[in-house]
Amino acid sequence: MSTQIILPRIMQVGENASQSIPDVLASLGCKRPLIITDAMMVKLGYVDRLQNTLADHKFAADVFAETLPEPTVGSIQAGVDKARHGDYDSIIALGGGSPIDSAKAIAILARHGGEIRDYKFPRQVNESGLPIIAVPTTAGTGSEVTRFTIITDETTDEKMLCAGIGFMPVAALIDYCLTLSLPPRTTADTGIDALTHAIEAYVSKKGNPYSDSQALSAIRLIGPNLRRAYHHGEDKLARESMMLGSTLAGVAFSNASVALVHGMSRPIGAHFHVPHGLSNAMLLPSVTAFSMPAAPERYADCARAIGVADEQDSVDVANRKFLDELEALNDELQVPTPEQFGIERQRFFELMPNMAEQALASGSPGNNPRVPDADEIIAIYRQLW
Ligand SMILES: [Fe+2]
């Protein structure tokens, strides 16, 4: 049996990788990029710097900076109009997961029309949109190397998963220097998202030898460095490891899948506007405890990779240590409970059956080593309280 692996054509990785953007554009034959980003990137001066670098190399770039966190059908529309009516031959997606996910949807809609709903899973989007050069500024989503985007339909609060080669950036510039000034909360939330990608790819039923090797490497990089990056944002070695770990975790899940944590996390995000990494973090210990009996060796490998167990530990001991570590990580990174986040208990409990249905419909729980039914998903949601 063989597995198809899909990756960007160019990855530029390491210190100041983002400064190679003129070379990367030139090697792709692109001359007229549209920068898609958000207001924070403008405020921090990243967009000015990028435009100056491009101008120095005779590239004229326009900017669409109105992308929003957790992008919606409405929030990307102005970007689609701009990309469709301009003479752009490429898109530079600069920012965290949300600008990159927005850019992926805009790139397809600008060239092929329709609504993003037309492109949602299970359709495989193999059309090519405007080529995307992704420049992530967080170490988390891995969107720079995945064939997925997620856009929320704000009329139904549905997080629509869209998948296919069409959403894979042609280039990814993976520059940890862009993460040095990230605040601790964002560092933690995005870092746990990356860790979740790696764990879920490794235990996924769609895992394969290629994704396994990327996933374990990602866990090894993230394990010792997430706390360091959270407490000491200026620690370059920690930031570099987190950035590479996040990208490898993205490669792993894009070529395997995510699983139950992500399946249950998206409805929490959609209904209660919890940042993606944070809702993953809330779920990760409980979902891991639920899933572990179905893949104990796999989770023992995760425990060894994250650095809390060694080869001498039995599978049982390694599993217990892994669960303890996930709890300890949430404590240290000050992950709130749903209640502490401000979610109203009664509304959460009322929505649980609906959220369970949405989780199952996303398909992600079906990739979990232990596949839950709706009642088991509701029981896990209830455990968060
Ligand atoms: Fe994620």
Side-chain angles (χ1 to χ4, degrees), residues 69-71 93 95-105 121 134 136-152 158-163 167-169 172 174 179 182 185-204 206-207 211 214-215 218-219 221-222 226 242-288 291 302 326 329-330 333 335 355 358-359 362-365 367-368:
E70 318 284 326
S98 297
I100 298 176
D101 275 5
S102 300
K104 289 177 172 184
F121 188 80
T137 58
T138 60
T141 65
S143 187
E144 70 278 6
V145 291
T146 73
R147 57 190 171 87
F148 305 112
T149 185
I150 298 207
I151 306 292
T152 301
E158 179 194 1
K159 284 206 167 197
M160 294 180 289
L161 173 67
C162 305
F167 296 112
M168 176 60 76
I174 296 143
T179 68
L182 277 182
R185 186 72 265 142
T186 313
T187 301
D189 295 351
T190 52
I192 296 179
D193 187 28
L195 178 63
T196 308
H197 294 154
I199 295 169
E200 296 214 286
Y202 191 67
V203 302
S204 160
K206 293 197 178 142
S211 62
Q214 307 296 303
I219 298 172
L221 285 162
I222 294 167
L226 178 49
M242 286 303 299
M243 194 75 188
L244 183 56
S246 164
T247 296
L248 295 183
V251 168
F253 90 84
S254 186
N255 290 290
S257 74
V258 285
L260 184 56
V261 177
H262 274 75
M264 291 181 63
S265 175
R266 291 185 206 110
I268 297 181
H271 291 290
F272 300 101
H273 306 288
V274 181
H276 172 69
L278 203 50
S279 49
N280 283 346
M282 290 171 181
L283 287 159
L284 186 55
S286 306
V287 170
T288 303
S291 309
C302 291
L326 296 181
L329 197 55
N330 276 3
L333 304 186
V335 172
M355 292 198 298
Q358 289 176 332
S362 76
S364 300
N367 301 321
N368 208 55

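Position 1 is the first residue of the sequence, and the numbers go up from there. The figures that follow rest on heavy atoms only: side chains count, while hydrogens, waters and symmetry mates do not. When a ligand or atom number is given, it counts from 1 through the structure's own listing order. Everything numeric in this text was worked out from a predicted model, so none of it was measured.
Ring geometry for Phe253 versus Phe148: interplanar angle under 30°, hence parallel rather than tilted (30 to 60°).
For the residue pair Lys104 and Thr146, a side-chain donor N or O sits within less than 3.5 Å of a side-chain acceptor on the partner. A donor-acceptor pair shorter than 3.5 Å can be found between the side chains of Asn368 and Ser291. Between the side chains of Ser265 and Ser279, at least one donor N or O lies within less than 3.5 Å of an accepting N or O.
Ion pairing between a basic and an acidic side chain is recognised when a charged N comes within 4.0 Å of a carboxylate O; Arg266 and Glu158 show no such pairing.
Taken from CD in Glu70 to CD1 in Ile151, the straight-line distance is 10.5 Å, to the nearest 0.5 Å.
Listed by chain and number, the protein N, O or S atoms at a distance under 2.8 Å from the Fe ion (ligand 1) are Asp193 OD1, His197 NE2, His262 NE2, His276 NE2.
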